[in-house]
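Below: the structure, in structure tokens.
Counting from 1, the numbers follow the sequence of the chain as shown.
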Amino acid sequence: MFDAPRIGDLPSGALDSIADVAGVRVGHCTLAQGAVQTGVTVLTTHAQDPFMHKTPAGLAVLNGFGKSAGLVQVQELGVLESPIALTNTFAVGTIATAVTRSAVAANSEIGRGLPTVNPLVFECNDGYLNDLQAFAVQESHYAQALAACSSQFAQGAVGAGRGMSCFGLKGGIGSASRLAKTAAGSFTLGALVLANFGRPDALTLAGRCIGPLLAQRLQAGPPVAERGSIIMLLATDAPLDARQLRRLALRAGAGLARTGSDFGHGSGDIALAFSTAYTVPQRAEDAADLPALLHESALDPLFAAAAQATEQAIVHALFAAETVLGHEGHARAAIKDVAPDWRALLSS
């Protein structure tokens, strides 16, 4: 386990990860050899067939500088029908094919007697540490990440996060959870991020801007435009519909902003929220067992949980990461190596 600043006042779940939402699992396949520093991360929303038992979801594009696949249909229909995959920019097509093949293997009528599947693949550009033109990610790596899905998963420079940078430091995969008490009961909200964004001079930890000092230690030079991306996934067991989940996804932006991001021109910032409280059947003749949805007036605690969990997940991505040397000798240092005195910095 890694040591990191604690964000906010809401309690976390037992794991302090997105897997605190029952049924959610995460797996990685990491490629780390020389100029190849990349990988695949997969998230499953429940243990059933995702194509036959769809997960309600809502999408918020904070800044659309990205090349993800499958977003248009999620935005239109408000459901997920595949696992969620994360990878590098050049691997989106390969992983979309892998997701499709996996769905067809489980449902031979897809594209024949049944509709086609919508593979959902998110990406960030890891080209500073990883040689994108090596096209190292293969379909088999998706299968490995899917097979590895578990409630216990690594964070930091693993899976899709292997080659990612954050505030001029090593970024990657981070996760956290928060518990929300609403008028309708208590619910869990979990976040998972693929953090690949931020200017060194802008980093804010637990409300304190340490960016200028960080930039000095990194010898980062004059401030530059924000480039990169972040993918933010939110899971909750609260019964919400796609419209409410889109509203929830938007609140991930509050947590992102608190770390020092201003959603710059070249940063693709995308959030998706889903609910595990029910599923939507593929076949019209199958009965849908839909729970009563939360009233709008009960959403504020979940909004607060979304902001805190997202901010904490970004902090976890930074503090779980290790220093990585990659393509053309490029390196990204871990924050624990650059600022081992982070406690003193936050209290000064």
Side-chain angles (χ1 to χ4, degrees), residues 1 13-32 38-57 68-70 74 79-88 91-92 94-107 110 117-124 137-162 164 172-177 188-195 231-237 272-277 279 309 313 316-317 320:
M1 191 58 182
L15 300 171
D16 197 11
S17 84
I18 198 168
D20 282 316
V21 179
V24 177
R25 299 290 184 266
V26 176
H28 305 297
C29 176
T30 304
L31 307 180
T38 192
V40 181
T41 295
V42 174
L43 182 149
T44 58
T45 61
H46 55 65
Q48 301 179 85
D49 183 331
F51 182 74
M52 299 305 295
H53 305 274
K54 303 181 184 185
T55 299
S68 298
V74 173
V79 292
L80 310 178
E81 53 185 39
S82 77
I84 301 169
L86 307 169
T87 191
N88 75 58
V92 170
T94 297
I95 298 305
T97 299
V99 175
T100 302
R101 288 191 199 277
S102 178
V104 169
N107 299 277
I110 287 178
V117 65
N118 180 47
L120 185 58
V121 184
F122 290 102
E123 58 79 30
C124 289
V137 173
Q138 303 297 315
E139 290 185 39
S140 61
H141 298 137
Y142 169 78
Q144 291 176 43
L146 180 62
C149 281
S150 168
S151 61
Q152 304 284 341
F153 58 92
Q155 299 181 47
V158 293
R162 178 63 189 178
M164 302 300 169
I173 296 290
S175 192
S177 69
T188 301
L189 184 140
L192 183 138
V193 301
L194 179 61
I231 305 301
M232 298 165 283
L233 306 179
L234 302 180
T236 184
D237 53 7
L272 179 135
F274 63 88
S275 171
T276 62
T279 59
H316 282 170

Donor-acceptor under 3.5 Å ([X] side chain, [Y] main chain):
X      : Y      : answer
His141 : Leu31  : no
His316 : Ser175 : yes
Thr236 : Thr188 : yes
His46  : Gln48  : yes
Ser102 : Ala98  : no
Glu81  : Lys54  : no
Asp16  : Ser177 : yes

Do [X] and [Y] make a side-chain contact, defined as non-hydrogen atoms from C-beta onward lying under 4.5 Å apart?
X      : Y      : result
Thr44  : Leu146 : yes
Thr279 : Met52  : no
Val24  : Leu192 : no
Leu43  : Phe122 : no

For the residue pair Asn88 / Thr38, report whether a side-chain donor-acceptor contact shorter than 3.5 Å exists. yes
Determine, step by step, whether Thr41 and Phe153 satisfy the side-chain contact (heavy atoms from CB on, under 4.5 Å) criterion, reporting the C-alpha distance in whole Å, the side-chain angles of both residues, the deciding distance to 0.1 Å, and the verdict. CA-CA 10 Å; Thr41 295; Phe153 58 92; over 6 Å; no
Shortest non-hydrogen contact from [X] toward [Y]:
X      : Y      : answer
Ala154 : Ile173 : O-CG2, 4.3 Å
Pro83  : Pro50  : CD-CG, 3.8 Å
Cys29  : Gln144 : SG-OE1, 3.5 Å
Ile231 : Leu86  : CG2-CD2, 3.9 Å
Ala14  : Asp20  : N-OD1, 3.2 Å
Thr30  : Ala157 : CG2-O, 4.4 Å

Between [atom1] on residue [X] and [atom2] on residue [Y], distance to nearest 0.5 Å:
X      : Y      : atom1 : atom2 : result
Leu120 : Thr55  : CG    : OG1   : 11.0 Å
Ser151 : Ile18  : OG    : CD1   : 12.5 Å
Ile95  : Gln138 : CD1   : CD    : 8.5 Å

Steps toward side-chain contact (heavy atoms from CB on, under 4.5 Å) verdict (Met164, Leu194): CA-CA 8 Å; Met164 302 300 169; Leu194 179 61; 3.8 Å; yes
